[in-house]
Amino acid sequence: MARAYDVQAVEQKWQARWRDEGTYEVDNDDPRPPFYALCMYPYPSGPAHQGHVRNYTFGDLVVRYQTMRGKAVLSPLGFDSFGLPAENAAIRTGTHPRTFTDARIGELKESLVRLGAVYDWRREVRSHDPSYIHWTQLIFLRLLDAGLAYRRNAPVNWCPGCQTVLANEQVFADGTCERSGDPVETRDLEQWFFKITDYADELLTALDDLEWPERVKLMQRNWIGRSEGAELDLEVVGHPGLTLTVFTTRPDTTFGMTYAVMAPEHPLVEVVTTPACRAAVDELRARVASESEIERTSSGEGGPALEKRGAFTGSSVVNPFNGEQVPLYIADYVLMSYGTGAIMAVPAEDQRDWTFARLHGLPIVRTVQPPEGWDEQGGEAYTGDGAKVNSGFLDGLTVVEAKHAAIDFLEREGRGRRKVNYRLRDWLVSRQRFWGCPIPVVHCPTHGAVPVPEDQLPVLAPDDVEFLPTGQSPLALHEGFRRTTCPVCSEPAERETDTMDTFVDSSWYFLRFCDPFDADAPFGPSAAVHWMPVDQYIGGIEHAILHLMYARFVTRALVDVGVAPPDLPREPFHRLFTQGMIRMDGSKMSKSKGNLIAPARYYETVGADALRLFHLFVGPPTDDFDWTDQTDEVIDGCGRFLDRLWRLAGASSAQDGRSGAYNDADTGVRRATHRTIERVTSDIERWSYNTAVAHCMEQVNLLQRYAREDPHREVLADAVDALLLLLAPMAPHVAAELWERRHGDRLHSRPWPVHDPALVATETVTMVVQVNGKVRDRLEVPVTIGDDEAKDVALASERVSAALSGTAPARVVVRAPRLVNVVTSGA
RNA sequence: GCCCGGAUGUUGGAAUCGGUAUACAAGAUGCGCUCAAAACGCAUUGUCCGUAAGGGCGUGCGGGUUCGAAUCCCGCUCCGGGCACCA
C-alpha cells in the first residue's frame, strides 16, 4: 500500500525521542496531580500479539490523554516473568529458564515500544529479579508471622503428565490437564496456604464502592459466595455423644429432612459405616479418591450414573425438629472443602436431593406449599416461597419467617446455631516447581518450619541444576540448595523446595512500581500512598476473579501486617476497565491456540499508528472482536485516513487562504471543530473510542472539502490543530510529526483542547413531526422554540395536513424542540 | 442446570435519557483522472412497490406497555462468557 508519507521513518523518529528524552518518566515529587495508569503486567511469551496490542493501545491512550490533561501520569511496565512455560522450555531445550525468559521479555518489550506505547522504563520490574524475589519473600514471611500463611495437608489436583499440582482453573471441565491433556488425579500434599478467607467479608462488602464493571463485581461476589444459614448438630444413632454437623441455607425445611449425606472423605465415615455397608462405602471412596474435584462436581457426560454416586453407611441420624431417625449416606457430590462436609437432604425443596431420593427410594415430604397445579404440571422440588406445611410449629409461616424461627429453636435447644458460610477457600500458594519465587522457610527436625531470617533474604535458586522431565522440582534434587542449617539451633535442616504461585508476584507489583528505587524496602510508604490506588487499571476479562481477588487481599494484608503504611488505600484498583478478547475462528487468540497474528507485519506496512487506530475504531473496547479475512482491509482503511490527514495538515500550513471576516462556511467549520472537541473528549471519558475515531474521521472529511474551496486561513489552521491535539493519544507518531512541522514544538506537551460552549450551542435544530408515530416532516426550528409555537408550526406543515387528510387531531404530543407527534385517533 | 452478556444493512459497528434507525468505516457498483493499473477524487449502496413524486415494510422470534420501543416488561430461539451437584 503506497503511503502519503514515510510511515516507518516518522514512527522511528518519535519513538527514539520519547525514549531518549524520557518524555514519560515521572518523579515521585512531581507537583502535578498524580494519576496512576496501569495495564496488567504481561507474562512474557514472546512478541506481542493482537490482544496485547489492543490492551496497550488503550493504556497508552489513557497515559497520553491524562498527561495532556495536566496530570503527572505514572506509567510503568514490568513482566510477570515466573511461570511454567519457561521451565518446560528448559526441560525441552536445556536452556536455563532465565535465559529463555529474558529473551522473551526482550521480544515483547521491543514490540510494545514499536507500537509507540510509552512508559517510565526506569521503573520496570521483573518477578524473577533477585531484588523482586527479596521483597516477595519478605511479604511471605510477614504474612507467616501474622498467621496469614500456614501449612496443612490438602487434597490437590495432581497431573501425572506434568508431575505437578494444578489449580482448578488449569483443569478442563472433563477432568484433564489444560496443558498436557492427562486425566487429573487427587493427591494429598503438605501445602502452604494464604488465609484469604479471613478477608472474605471485607472483600465482598468493599466491592460496592469500586468503579468496576458490574459484571466483574458480580463474578467476585459469586466467587466469595456468602450464604446465610445454620449449622445443625445431628445425633448419630447408636453412637452416644457423637454428632454430625451439617450446614444448610434452608433451616426452615428441616422437618422435610428424609436423609443426610457426608463427603466420602469425612472423618466420621470410618466410625459410622456398618460392616454390612462397608464394601459399598469403600468402593465409592476408592473411586472418588482417583477423581479430581472437577470430575466429581461435574454434571457433564461421562461420569458415573447418579445412583452409583452415593452409598448407604448403615447408620442413621436424628432430626432435631421431630426426633425422627433418617438414613445417613455418603455421596461424591458432597465436598469436604465446602461447609462442614455434610448436608441434610430435603428432597422436596432441593432438586438434586429430589433426584437422589427418587433413585434410592427415599421418602419426600413437602414443607413448603407449592403453587396451585405444581404437581399436576410435573413439578418436582419446589424452591420458591409459600406457606410452611408438615412443619409443626413452623406451619403457616413464610420461608423467611420460618428460617428465623427455626434458627431460634436450634439455638434454644442447643442443637445448632446461626452461621454464615463462604464458598471462598484459602489460597494454595505452594508450587512444586523451579521457576518461581522460593518459599523462604527451613524445615528443622526439632523446630519445624522455621522462617529464614530477613537479613538472609533473598533465598535464590541455584543455577547449576538439571532440568529433567521427571517433574520433580530441580530444587528438591539439588543437595547444595536443600541442605542447610536451622536458623534457630544451627543443626542440619532442609530448605523448603516449593516455590510460590506466580499470582503472589502479581499481587503486589503495582506497589513496587510506586518506588522500585528503594533498595531497603519493597516500596517506600510515602511513594505508595502518593500514587495508590491505581486510578485506571486495564486488563483482560479473564483476570476478573483470581488475579484481582488476590491483589485486593494482599494489599489489605500488607497494610494489616505493617509492610504497607496504615493510610494506604485498602483497595488497589479504583477504576477497572476490562477489554474484550480478540477471537479468531471462534476462540481466543493466544499462543497456545496457534492462531496469532503478529503486529510486526503491520508495523512494516501500514505502521503502528494505523494499527492502533484500527483497534480503537473497530468496535466498543469492552466487546470481543472476531479477526476475519476482512480485517486487513479495515486496517488499510485506517492507514488511508492517516494519509488524508497528512495531506490536509501538510498542505494547509503552507496554503494562503483568505483572512478577515468569517463567512457562513467559516463559522460552520468553527462550530464543527468545537463540536468535535466536545464529542471526542466525552467519548474518551466514557471509553467510547470507536466513536471518538469516527468523529475525527468526519472532521477530516469536512475539512478536506472546506480546504478545497475557499478556506479562511486561520479557521482552517485552528481546525487542523485541534484535530491533531485530539488524535495525539490515538495516533501519536503522525500527529506529533505534523504538529512539529506546523509549529516546531511538541504536540504531547500541549494541553488538551477545550471546546467553546458558545460555538457548540446550536441556534436551530431539526424538529421531527410525526403523525401517529410516523415521521411526516422535518422542520428547522430555533432551539428556544416553545411547546405552543412548536405545535403551531407542526400543524401548519403541508405534509402533515396531507397525512391528516382532513382528520382532526385527537391529541398532540409536543417535546420541543425535537419532536411533535400528532395523534388522530384514540388508538 | 444456574448466573451474566449479546443478536441492528453484504460486513465491523452508530443511535449517551423511551423521541429522525443505520453515523463512521469496510466491501461492492458506476464515473472522473490515467496509455494502463495503483493511488486519489466524486456518486450510489436496508428492502419491497413505483418512470417519478411518494409510499409500505424493517433492529433474532412472539406478545405487551406507550402518542411513540433497537432501547422498558413478559415468553421464546440462537450465539458467547462465567460458575457448577455450593447444601
Side-chain angles (χ1 to χ4, degrees), chain A residues 1-4 173 213-216 218-219 221-223 225 227 229 246-250 253 261 294 296-300 303 306 309 331-335 337-346 350-353 355-356 421-423 541-542 544-545 580-581 583 586-588 614 617-620 622-626 628-638 640-641 643-644 647 679 682-683 686 688 690-691 693-698 701 704 708 766-775 777-778 799 802 809-815 818-827:
Chain A
M1 178 181 169
R3 295 296 301 269
E214 279 306 319
R215 187 165 148 232
V216 176
L218 193 61
M219 282 194 257
R221 284 192 191 104
N222 293 341
W223 189 262
S227 55
V246 299
F247 173 75
T248 179
T249 55
R250 293 292 303 274
T253 64
V261 189
I294 302 289
R296 278 177 60 179
T297 57
S298 169
S299 56
L306 198 59
R309 301 179 67 176
D332 64 351
Y333 63 79
V334 174
L335 303 178
S337 55
Y338 184 79
T340 61
I343 63 164
M344 63 178 217
V346 185
D350 183 290
Q351 186 58 44
R352 190 198 53 228
D353 293 348
T355 311
F356 190 91
N421 195 48
Y422 295 92
R423 181 186 172 280
I541 188 73
E542 66 270 24
I545 295 178
M581 292 183 306
R583 286 192 310 228
S587 61
K588 181 186 172 177
F614 157 76
F617 180 59
V618 75
T622 44
D623 285 10
D624 289 348
F625 173 74
D626 285 300
T628 68
D629 295 343
Q630 260 196 34
T631 301
D632 278 0
E633 286 162 350
V634 180
I635 296 172
D636 284 347
C638 290
R640 287 198 296 271
F641 164 74
D643 285 341
R644 287 198 291 276
R647 285 191 291 268
R679 284 176 178 166
S682 83
D683 284 348
R686 69 186 179 101
S688 186
N690 52 331
T691 55
V693 174
H695 289 134
C696 290
M697 288 175 168
E698 270 181 275
N701 293 343
Q704 254 184 329
R708 234 180 276 133
T766 305
M767 184 172 79
V768 173
V769 185
Q770 300 177 331
V771 175
N772 292 327
K774 289 198 164 99
V775 180
D777 205 356
R778 295 184 171 90
R799 289 165 184 271
R811 182 179 164 192
V812 181
V813 178
V814 183
R815 294 284 179 276
R818 304 222 75 93
L819 173 133
V820 173
N821 188 11
V822 182
V823 186
T824 58
S825 64

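Numbered from 1 within each chain, the chains take letters A, B, ... in sequence-line order. Basis for what follows: all heavy atoms, side chains included, without hydrogens, waters or symmetry-related copies.
At a threshold of 4.0 angstrom between heavy atoms, the contacts of A:Q770 include nucleobase atoms, whether or not backbone atoms are also involved.
Of the side-chain N and O atoms in A:R686, none sit less than 4.0 angstrom from OP1 or OP2 of B:U16. At B:A84, one or more side-chain N or O atoms of A:R423 fall inside 4.0 Å of OP1 or OP2 (strictly under the cut-off). Taking 4.0 angstrom as the limit, A:R640 places a side-chain polar atom (N or O) nearer than this to OP1 or OP2 of B:A26. A sub-4.0 Å separation between OP1 or OP2 of B:C57 and a side-chain N or O of A:K774 is present. Residue A:N222 places no side-chain N or O under 4.0 Å from the OP1 or OP2 atom of B:C2. Residue A:N690 places at least one side-chain N or O closer than 4.0 Å to OP1 or OP2 of B:A14.
For A:R799, the listed nucleotide lying nearest its side chain is B:G54; candidates were B:G54, B:C24, B:A26. Here the nucleotide nearest the side chain of A:E698, chosen from B:G27, B:A23, B:A14, is B:A23. Among the nucleotides B:A14, B:A26, B:A87, the one closest to any side-chain atom of A:T248 is B:A87. You'll find that the side chain of A:V775 is closest to B:A21, out of B:A21, B:G41, B:G19. Set against B:U20, B:C40, B:U11, the side chain of A:Q630 has B:U11 as its closest nucleotide. Candidate nucleotides B:U20, B:A14, B:G41 were compared by shortest atom distance to the side chain of A:Q704, and B:G41 ranks first. Which of B:U20, B:A87, B:A25 sits closest to the side chain of A:F247 comes down to B:A87.
Going from the C1' atom of B:G68 to that of B:C86 covers 47 Å, rounded to whole Å. For the C1' atoms, the distance from B:C48 to B:C2 is 44 Å, rounded to whole Å. Atom P of B:A25 sits at a distance of 41 Å from the matching atom of B:G75, rounded to the whole Å. As rounded to the nearest Å, B:U20 and B:A69 have P atoms that lie 11 Å from one another. The gap from the P atom of B:C33 to that of B:A38 amounts to 15 Å, rounded to the nearest Å. For B:G18 and B:G6, the P atoms lie 14 Å apart once the distance is rounded to whole Å. When the C1' atom is used for both B:G30 and B:G19, the distance is 37 Å, rounded to whole Å. If you take atom P in B:C49 and the same atom in B:U10, they sit 16 Å apart, rounded to whole Å.
Nucleotide B:G50 has no partner under the Watson-Crick or G-U criteria, as no pair reaches both atom distances under 3.5 Å. The partner of B:A28 is B:U44, by the rule that a Watson-Crick or G-U pair needs both atom distances under 3.5 Å. Base pairing of B:G80: its partner is B:C4, meeting the Watson-Crick or G-U wobble criterion (both donor-acceptor distances under 3.5 Å). Shown here, B:G75 forms a base pair with B:C61; the pair counts as Watson-Crick or G-U wobble because both key distances fall under 3.5 Å. Here B:U22 sits opposite no nucleotide as a Watson-Crick or G-U wobble pair (both hydrogen-bonding atom distances under 3.5 Å). Under the Watson-Crick or G-U wobble criterion, with both distances below 3.5 Å, B:C17 has no partner in any strand shown.
Here the straight-line distance linking atom NE2 of A:H695 with atom CG of A:N690 works out to 10.0 Å at 0.5 Å rounding. The distance from atom CG of A:D626 to atom CE of A:M581, rounded to the nearest 0.5 Å, is 9.5 Å. Annotation: the span from A:D350 atom CG to A:I343 atom CD1 amounts to 7.0 Å, rounded to 0.5 Å.
Atom pair A:D623:CG and B:G12:P shows a separation of 12 Å (rounding to whole Å applied). Look at CG on A:D683: it is 11 Å from C1' on B:A14, rounded to the nearest Å. Taking atom CG on A:N701 and atom P on B:C40, their separation rounds to 13 Å, with Å as the unit. Rounded to whole Å, atom P of B:G27 lies 8 Å from atom CG of A:D636. At whole-Å resolution of the value, CG in A:D626 and P in B:G13 are 8 Å apart. Across the protein-nucleic acid pair, A:M581 atom CE and B:G12 atom C1' stand 17 Å apart, rounded to whole Å. Computed from coordinates, the A:L819 CG to B:C67 C1' distance equals 9 Å when rounded to whole Å. As a whole-Å value, the separation of A:F625 CZ from B:G81 C1' is 18 Å.
Within the 3.5 Å criterion, the main-chain N or O of A:G580 finds no donor-acceptor partner in the side chain of A:D623. In terms of modelled atom types and a separation under 3.5 Å, the side chain of A:N772 and the main chain of A:T824 share a donor-acceptor contact. In this structure, A:N821 contributes its side chain and A:V813 its backbone to no donor-acceptor pair below 3.5 Å.
Of the N and O atoms on the side chains of A:N421 and A:S227, not one donor lies less than 3.5 Å from an acceptor on the other residue.
You'll find the ring centres of A:F614 and A:F641 outside the 6.0 Å limit.
Along RNA chain B, the nucleotide nearest to A:T340 and the one nearest to A:M697 differ in position, and the one closer to the 5' end is contacted by A:M697. Between A:N821 and A:Y338, the residue anchored nearer the 5' end of RNA chain B, judged by the nucleotide with its closest heavy atom, is A:N821.
Because its glycosidic torsion is within 90° of 0, B:C17 is reported here as syn. Taking syn as a glycosidic angle within 90° of 0, B:G9 qualifies as syn.
The base of B:G19 is not paired with the side chain of A:R818 by any donor and acceptor separated by under 3.5 Å.
Closest non-hydrogen pair, A:L819 versus A:M767, comes out as N-CG, 3.8 Å.
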